[in-house]
Amino acid sequence: MNVAFYGHTRQYHGIKNEIDANITKVLESGQYVMGPMLKQFEAELAAYTGKKYAIGVGNGTDAIWLTMMALGLKAGDEVITHANTFFATAEAIWIAGCKVVLVDCDETTRCIDPKAVAAAITPKTRAIIPVHLYGQCAPMREIRKLADQHKLLVIEDNAQGIDARGDDFRIGELSDAVTTSFIIQKNLGTFGDGGAIYTDNAEVDSRVRKLRNHGSPKRDHHSFGFNSRLDDIHAGVLSAKLKHISEWSDLRRKWAARYDAGLKGVDSIVLPHQRPGYRHVYHLYEIETRNAADRNPLVAYLNGKGIDAKTHYSIAIHQQEGYPWGKDAEIRGSLANAEKNAASCISLPMFGELKAEEVDYVIDAVKSWKK
Ligand SMILES: Cc1ncc(COP(=O)(O)O)c(C=O)c1O
């Protein structure tokens with residue numbers, strides 16, 4: 001049996017009529033950039049997230065640095081994030097001209113460790129970017145508390161956690177703005193690139209709207225800006241998919257529970273940890289080998305059995321070749337947990353349209369390793 005890592009075409013076939021209808025609507029409208037479908041999707045996303053404003057942009061990386069610029073972050077400002085996030089979180093901080101301060105993750109959830117953040121704050125710190133890594137919310141209460149104590153901005157990088165929740169907080173409730181990515185492999189993904197920002201902050205809304213469109217609030221009027229817009233065709237795809245996101249998250253959670261039950265007690269690996277009361281949406285079902293030396297052989301073993309297991313992310317940001325490429329960066333404290341995560345992580349196939357026999361085949365394969 002072959003088990004794919006992604007189910008893009010299966011998902012498409014499941015709601016083909018809805019997606020095709022929206023694409024046709026855009027094609028027939030004659031308006032493909034900043035047209036009515038983008039406006040519609042932005043309104044739907046704002047309603048879904050419970051925020052006053054949602055702004056579509058070119059991708060999830062741009063969403064972060066555009067938000068940073070809109071919030072007035074500038075050269076020399078220190079921005080704290082964790083070393084085992086996807087590279088783009090740090091990259092966006094550099095693009096915005098700020099200093100990346102890398103701290104460790106929590107050893108069980110792999111999200112940012114608030115104790116490490118607290119120890120890394122200096123008078124130059126201006127912002128924290130927690131990431132809802134693998135689809136589980138970062139500890140936002142603790143982050144908010146630190147931000148209040150030190151008057152810091154908080155931007156949630158929610159590229160991986162749309163539809164996730166904390167135990168007593170929603171995404172967007174405890175921050176200045178939330179950014180997300182709609183690249184195809186995300187839980188809410190289009191057939192290409194896309195991203196968005198959502199916030200209650202009217203200034204962030206109006207600044208990002210200008211920045212994403214050549215600094216233009218209206219025709220022929222410009223200030224400094226960029227071109228980073230969410231195309232209407234993508235907005236149409238996302239509008240169709242947004243209606244299904246909760247049911248798809250539920251399916252991911254169902255497969256995660258099946259993996260959990262089937263892999264319980266396998267000594268050589270550690271299973272993902274869901275914080276009590278949290279709604280983890282399993283963008284990735286990430287296991288770790290107890291022994292880092294086992295990681296590559298286990299991935300190769302699974303691949304050999306037709307299972308497309310991957311790693312997210314096997315090289316932490318500070319371990320990338322050439323880091324930090326002359327950019328402003330500093331490691332504060334030990335990064336032992338992030339390094340352990342990078343050395344031992346394995347992502348098993350995870351998407352809503354998986355079949356029970358595929359999940360069971362993966363479980364059996366992991367269990368048969370070393371036997
Ligand atoms: C945590 C995180 N941040 C940022 C990004 C960047 O998004 P994009 O690829 O749309 O630029 C991604 C995904 O790619 C991500 O996983």
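Along the sequence shown, the residues carry numbers beginning at 1. Everything numeric here is computed off the predicted structure, so don't read it as measured data. Ligands are counted one by one from 1 in listed order, and the atoms in each one are counted from 1 as well.
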Self-check item: Counterpart residues, ring pair (Phe, Tyr, Trp, His ring centres under 6.0 Å), relative to H312 (two or more places apart)
Solution: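 By the ring pair (Phe, Tyr, Trp, His ring centres under 6.0 Å) rule, H312 matches F5.
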Quiz item: When you measure from the centre of the six-membered ring of F191, is the NZ or CZ of K241 under 6.0 Å away and within 45° of the axis?
Solution: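 Flagged: K241 positioned over aromatic ring of F191.
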Quiz item: Strictly under 6.0 Å, is that where the ring centroids of Y313 and F86 end up?
Solution: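 Centroid separation for Y313 and F86: below 6.0 Å.
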Quiz item: Is the ring centre of W248 less than 6.0 Å from the ring centre of Y282?
Solution: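 No - the distance between ring centres of W248 and Y282 does not fall below the 6.0 Å cut-off.
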Exercise. Go through the steps for Q11 and H8 under the test side chain to side chain donor-acceptor pair (under 3.5 Å), then give the verdict.
Key: CA-CA 5 Å; Q11 187 189 63; H8 307 323; 5.8 Å; no
Quiz item: In order of chain and number, which residues sit within 4.0 Å of ligand 1 by heavy atom?
Solution: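 Its neighbours under 4.0 Å (heavy atoms only) are N59, G60, T61, T85, F86, A88, T89, V131, D157, A159, Q160, S181, K186, G194, Y313, given by chain and number.
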Quiz item: Do the side chains of C111 and D106 get nearer than 4.5 Å, heavy atoms only?
Solution: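 No. Closest side-chain heavy atoms not under 4.5 Å.
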